[in-house]
Number of protein chains: 2
Amino acid sequence: MLTMSTLFRYKSDMSDHTTIPDNPGKIAFHHGDLRRSLLDATLSLIAVNGVQGFTLREAARAAGVSHNAPYRHFPSRTHLLVELAIEGQGLLLDALKNSGKRIVDPRERIVRVGMAYMDFAVKHTALFRVMFSSDVARNRTSELKAAQDATFLHFESELRANEQAGVIREGAIQEHALVGWSALHGAAMLILDGVLDNTEVAAHRKPREIARLVLESLLNGIQQPAQPEKRRSSK
Amino acid sequence: MLTMSTLFRYKSDMSDHTTIPDNPGKIAFHHGDLRRSLLDATLSLIAVNGVQGFTLREAARAAGVSHNAPYRHFPSRTHLLVELAIEGQGLLLDALKNSGKRIVDPRERIVRVGMAYMDFAVKHTALFRVMFSSDVARNRTSELKAAQDATFLHFESELRANEQAGVIREGAIQEHALVGWSALHGAAMLILDGVLDNTEVAAHRKPREIARLVLESLLNGIQQPAQPEKRRSSK
DNA sequence: AAACAATGTTGACATCGTCAACATGCAGTG
DNA sequence: CACTGCATGTTGACGATGTCAACATTGTTT
């Protein structure tokens with residue numbers, strides 16, 4: 001049912017009028033790549049003013065076009081945010097995939113994936129907030145849904161590796177993925193919102209340490225029960 | 001524009017014009033209790049239009065007052081939302097406290113608290129969204145912070161009971177509270193945003209069952225090691 | 001009764017999202 | 001090359017919004 005959909009993303013370097021790298025057919029014209037510029041400007045503005053404080057007209061101004069130019073690329077303010085969210089999900093998935101590289105130990109891989117999720121939330125806070133803003137949530141397109149599904153599938157596949165390595169109990173992979181994502185996501189949200197600022201446990205830790213804490217706790221909960229000896233032949 | 005210049009609109013049930021139940025000194029006057037009416041109207045409107053779609057003037061209209069009357073009770077649109085969030089935190093804490101009543105088994109109590117959190121998010125979605133909207137998060141008052149701290153403290157105290165009952169390992173109560181809240185909060189958020197709609201594991205379960213799933217997984221991770229007793233089966 | 005503070009109203013302003021109409025430049029067709 | 005069509009960008013307008021300032025009303029206090 002879920003298709004590992006194709007997530008395109010264009011790197012956000014200042015492209016110029018004349019040469020647009022590889023453009024699927026229709027962008028770039030008078031301006032250069034207005035669509036790209038608007039998305040970039042939107043992200044910058046949101047980093048300063050928040051999602052609610054973002055205005056289409058200000059993005060247009062930042063891109064140096066008239067206040068109605070954005071409507072040639074996005075049907076509405078909300079849809080601009082949705083497209084940004086789609087791009088964000090793609091970047092997040094990349095980050096998750098890259099985080100596990102070079103790590104052979106399956107259990108540690110899981111932890112690293114979790115830390116990557118948290119790192120993304122902290123480093124790309126504005127983007128992360130857009131991706132999970134309730135405004136965007138109310139207007140999800142099928143493309144955004146597919147991108148979110150891909151994230152879940154990645155958690156699943158990462159856990160399946162752990163299952164096969166005998167690190168966690170067999171079965172219930174989906175359940176574990178659900179719990180894992182939830183814990184990571186909740187921790188990231190609470191941290192970004194500052195809800196935990198007054199708690200000793202969170203105030204004195206870096207976010208990625210909290211991610212590790214969360215993941216380790218979970219793994220303790222779903223790991224192979226009470227193998228009295230860990231003869232499990234260290235690979 | 002409808003000529004509402006003759007807009008001496010006496011609210012129908014204004015008999016309590018003179019007698020306001022227990023009013024700390026200053027509210028209630030011309031209108032009755034405009035502050036309360038505005039908060040209620042705001043909540044209703046957000047349930048329909050979302051947080052971003054909420055507008056001060058519409059709330060004023062719903063309360064039957066002029067578009068500037070709200071400024072006598074709230075300094076700005078955002079502060080209205082913050083006050084709503086504070087009230088929401090209070091209600092949430094009440095729900096959490098009530099959920100554990102009559103349940104003696106400490107482990108089951110924890111699970112019930114988690115389900116209550118999820119129930120609250122699902123039942124009072126609009127309020128929950130306000131409480132954790134990024135707009136509110138950027139403008140937290142000390143009062144809101146205190147209300148959020150109280151929630152954390154409640155999770156802590158609930159866990160401490162489990163510790164004393166020998167259900168979970170000793171120490172690290174704060175860490176466990178952090179992980180628990182994170183997992184609950186993340187699950188609630190992902191569910192409300194519909195992010196998990198395409199996953200079998202979440203689509204076929206009621207939110208409160210997911211809350212139970214999350215909590216049971218966590219408890220397995222922090223419970224006393226190797227009680228050679230039967231382990232409970234999660235259905 | 002008079003002064004005062006609390007509460008509510010009216011009017012104004014800049015700004016916003018969006019629509020409609022118009023302008024401009026590229027790409028193809030003859 | 002002229003012509004045509006489409007993609008892109010601009011100008012102008014409209015209603016709505018958040019907020020400020022000035023004014024009006026009402027209950028309370030002196």
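Residue numbers begin at 1 in each chain, while the letters A, B, ... track the order of the sequences.
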Do [X] and [Y] meet the criterion of a side-chain donor-acceptor pair at a distance under 3.5 Å?
X         : Y         : result
Ser217(A) : Glu175(B) : no
Gln174(A) : Thr199(B) : no
Arg138(A) : Gln52(B)  : no

Roughly how many Å is it from [atom1] in [X] to [atom2] in [N], rounded to a whole number?
X         : N       : atom1 : atom2 : result
Asp33(A)  : dT8(D)  : CG    : P     : 10 Å
Phe74(A)  : dG9(D)  : CZ    : P     : 11 Å
Arg72(A)  : dT11(D) : CZ    : P     : 13 Å
Tyr71(A)  : dT11(D) : OH    : C1'   : 15 Å
Asp135(A) : dG17(C) : CG    : P     : 12 Å

**Asked** Do NZ/NE/NH1/NH2 and the carboxylate oxygens of Glu87(A) and Arg36(A) come within less than 4.0 Å?
**Response**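 Yes, charged N to carboxylate O under 4.0 Å.
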**Asked** Below 4.0 angstrom, N of the basic side chain to O of the carboxylate: do Asp149(A) and Lys145(A) qualify?
**Response**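 No, this pair does not count.
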Enumerate the protein-to-nucleotides 12-16 of chain C contacts in which both atoms are nitrogen or oxygen and the separation is below 3.5 Å.
{"unit_1": "dC16(C)", "atom_1": "OP2", "unit_2": "Arg61(A)", "atom_2": "NH2", "d": "2.6"}

**Request:** May I ask you to decide if the ring planes of Tyr117(A) and His185(A) are parallel, tilted or perpendicular, using 30° and 60° as cut-offs?
**Result:**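 Tyr117(A) vs His185(A) ring planes: perpendicular.
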**Message:** From C-beta outward on Val65(A), which listed nucleotide comes closest to its side chain: dT19(D), dG8(C), dT10(D)?
**Reply:**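 So the side chain of Val65(A) is nearest to dT10(D).
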